[in-house]
Every structure is written in structure tokens, then in C-alpha cells.
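FYI, side chains are in, hydrogens and waters are out, and symmetry mates aren't considered; it's all heavy atoms of this structure.
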Amino acid sequence: MRTLLLALALSASLHVTAQPTDGCAPGKRPLLILGTFHMKPSGQDSVNRDVVMDTPQRQAQVAELVDQLAQFRPTKIAIESARNSTVWNDRYAEWRKGTYTVGMNEIEQIGFRLAKQRELDALTPVDYPMWMDGLTPIDRHEPKKKKTATTAPSPEPDAAESALINAVQKQIAKDDQHLATHTLAQHLAYLNEPSRAAMNHQWDVMSNLRPGDGVALYEQTDLVTNWYKRNFRIFTNILDATTPSDRIVLLIGAGHVKILSDLAADHPDVCLVPVSRYLH
């Protein structure tokens, strides 16, 4: 009987202390990248999805998704917010005190709830906000001044850009249909499939590697350079904000997944953990 009790106690102890089996070497910080759509459109993307998240069904699915991600046992929740910004953590603190109602943005819907479940005091902003033309919000005088009657109209897209926009819009329509017939976790697993990351990479990078049709030969190519620059800086921010003992969930727009995953797979201090291991 005593032997049985000791065995049960040992089993319980192992159950409490056991870590997820990620196949990561000691000293490498596990990084799980969750590419997502913007649940509350920012209006800054070429195409914005209009998704209703506040129904009882969707809210139950958010809770289910958070439970699945919590199995990774993250110690840091990295979010798509400027590294020095306190906006989301101020809201997170107010929400935990019961003085703020969680909003529809994915940082709040997923990030807040996952951080709370893991009993984390704060989230970890790691973004370097920058548009593909190389400008940052401060360069554009954000918030923008009101337009005047003399403001020049935006140029019409060329044939290649129009074809790309059409392709993206068709894919977004398919995405909306997929979300309508699947749970949130299933939909995010679909958005994080390698084939989808490759498609986003084709849109953001390969479609822009063409000669400029104006005065500047490298006009389009420089957009790609700036896209890489932003992602490289995000990755550096992740390294700066974490330690080898951390387990990191990165919550970020799905368009970033390809470049950041490639960096994580090649970096000697990081172990890339496929999100598919935790979403079902």
C-alpha cells in the first residue's frame, strides 16, 4: 500500500512539472508563431476583413483556442505593438482589475486571455511599426491631419497591382467562407499552414520584385527591402525582450509568418515550434 501511495505521489509530481515536448535543445528559447487576421480591422491593410467576434459561439471558440495555446506553457506573449508602447498593457491591467471591457482586437481577444490564464503580469510588445514605403507613424504625422481640398488624389493602381489586389480579395472571400464553417482554432491552423505562408510571401515579396514603371528602377524592390527591415527588427525585438529560459507565443499578422519563421528556424538561439502541434 505504501509503495502504491509513493507511486501515485511521484506520478502527480511528474504531471505538475512536466514540460511540453517540443524537441528543443537546452538553451534554445521555444518560439510559437501564431499568424492571425486582424479581428478588428486597422484600416491600414490593402484588404480588411469584416468578422463578427462578439457572438456567444465565437467567444466560446476564443476560450477553446486560448486553452489550446496555454498547453504550450508560454512565459511571454509577444504582440504586434511598438516595443515601447504601453497602450495594451495599460488596458490589460485595467481589464484584470475589472475596469475595462475587453475589445475585439486579437491582442485583447487572444493575448489578454492567454496572458491571464498563464498568470502573466504583462504582455510583451515587439513590433517596429513601419509601412512598406519605409515611413513610420511619426514620419506620417500620425494621427494624420485632415485632408484639404488641395490634397493630391492617390494614383491609380497599375495592371500588376490590380491583379494582385483581385487575387487577395478572392482569397479573403475564401477565408471568410472557411471561418464561417470552422472553429476559430481550426481557421487559424488553416491560416498558418506552410502553403498559406508561401502564398502571403508571394504577394508581399515576389510580386514586388519587378522593375519600377516610373523613374526609379528599384521603386518596387525597395518596398520589399522595407518589409524585410521591419520583420528583421521585430525579430531583434523578440530576442531583446526574452531570455533563453522563456517560452514565447508571438501573436502577429499572418503576413509576417514566412519571414519570421525562416529567421527562427535558422537562428542558433531560437527553437521554432510549429503552431499546428497545439491547434486542432
Side-chain touch H267/F235, heavy atoms, less than 4.5 angstrom: yes
Side-chain heavy-atom pair L184, E64 within 4.5 angstrom cut-off: no
Heavy-atom side-chain contact between I234 and I252 under 4.5 Å: yes
Non-hydrogen atoms of P125 and S85 that approach each other most closely: CG-O, 3.7 Å
Path from Y228 to Y128 over hydrophobic side-chain contacts below 4.5 Å: no
Side-chain heavy atoms of K174 within contact of Q171, under 4.5 Å: yes
Verdict with reasoning, D269 to K28, per side-chain contact (heavy atoms from CB on, under 4.5 Å): CA-CA 5 Å; D269 298 332; K28 282 199 169 189; 5.9 Å; no
Derivation and outcome, salt bridge (Lys or Arg N to Asp or Glu O under 4.0 Å), residues R91 and E94: CA-CA 5 Å; R91 293 180 184 180; E94 291 297 321; over 6 Å; no
Check: Q68 side chain, H280 main-chain N or O, donor-acceptor pair, under 3.5 Å: yes
Between Q109 and R113: side-chain donor-acceptor atoms closer than 3.5 Å: yes
Salt-bridge present (R230, E80; N to O < 4.0 Å): yes
Close side-chain approach of L279 and Q186, heavy atoms under 4.5 Å: no
Student check: side-chain heavy atoms of P211 and Y218 closer than 4.5 Å: no
Exercise: identify the closest heavy-atom pair between Y92 and A115: OH-C, 3.3 Å
Main-chain N/O of I107 paired with N105 side-chain donor or acceptor, under 3.5 Å: yes
D175 and Y190: side chain donor to acceptor below 3.5 Å: yes
Side-chain donor/acceptor of T236 to backbone N/O of F232, under 3.5 Å: yes
Inter-residue atom distance R118.CZ - L114.CG, 0.5 Å rounding: 8.0 Å
Contact summary for S81 and W88, nearest pair of heavy atoms: OG-CD1, 3.2 Å
Donor-acceptor contact below 3.5 Å, side chain S261 vs main chain V257: yes
side-chain contact (heavy atoms from CB on, under 4.5 Å) assessment of F37 paired with L179: CA-CA 11 Å; F37 61 95; L179 180 57; 4.1 Å; yes
Minimal non-hydrogen separation, A264 against L31, with atom names: CB-CD2, 3.9 Å
D121 CG: over 12 foreign heavy atoms closer than 6.0 Å: no
Exam field: side chain R210 to backbone S207, donor-acceptor pair closer than 3.5 Å: yes
Taking every non-hydrogen atom, the tightest pair across L250 and I238: CD2-CD1, 3.8 Å
Closest contact, heavy atoms only, N226 versus G134: ND2-N, 3.3 Å
NZ on K76 to OG1 on T124, rounded to 0.5 Å: 5.0 Å
Short side-chain donor-acceptor distance under 3.5 Å, E106 and T36: no
Flag, side chain of K229 to backbone of V224, donor-acceptor distance under 3.5 Å: no
Between OG1 on residue T75 and CD on residue E119, distance to nearest 0.5 Å: 13.5 Å
Main-chain N/O of G35 paired to N192 side chain as donor or acceptor, under 3.5 Å: yes
R83 backbone acceptor or donor facing N237 side chain under 3.5 Å: no
Carboxylate-amine/guanidinium proximity below 4.0 Å for E193 and R196: no
Residues D262 and K258 bridged, charged N to O under 4.0 Å: yes
Expected output: side-chain T86 to main-chain N89 donor-acceptor under 3.5 Å: no
Joint hydrophobic cluster, L223 plus M206, side-chain heavy atoms closer than 4.5 Å: yes
Aromatic ring proximity, centroids under 6.0 angstrom, H256 and W227: yes
From L120 atom CG to F112 atom CZ, the distance as rounded to the nearest 0.5 Å: 12.5 Å
Gap separating the CG atom of D67 from the CD atom of Q117, nearest 0.5 angstrom: 5.0 Å
Within 45° cone and under 6.0 Å: R247 NZ/CZ vs F72 ring: yes
Donor + acceptor pair across side chains of H182, H187 (<3.5 Å): no
Step-by-step side-chain contact (heavy atoms from CB on, under 4.5 Å) determination, L135 to M130: CA-CA 6 Å; L135 298 179; M130 185 178 77; over 6 Å; no
Distance in Å, I77 CD1 paired with L251 CG, rounded so as to fall on 0.5 Å steps: 8.5 Å
D127 vs R233, salt bridge (Lys or Arg N to Asp or Glu O under 4.0 Å): CA-CA, chis, key distance, verdict: CA-CA 8 Å; D127 195 13; R233 291 194 171 194; over 6 Å; no
Pair M199-Q202, side-chain contact (heavy atoms from CB on, under 4.5 Å): steps then yes or no: CA-CA 5 Å; M199 179 189 298; Q202 182 70 33; 5.5 Å; no
Side-chain touch L65/T183, heavy atoms, less than 4.5 angstrom: no
Flag side-chain contact, heavy atom, 4.5 Å: C24 against V273: yes
Donor-acceptor contact below 3.5 Å, side chain Q59 vs main chain M53: yes
Ion pair check, R29 and D246, cut-off under 4.0 Å: no
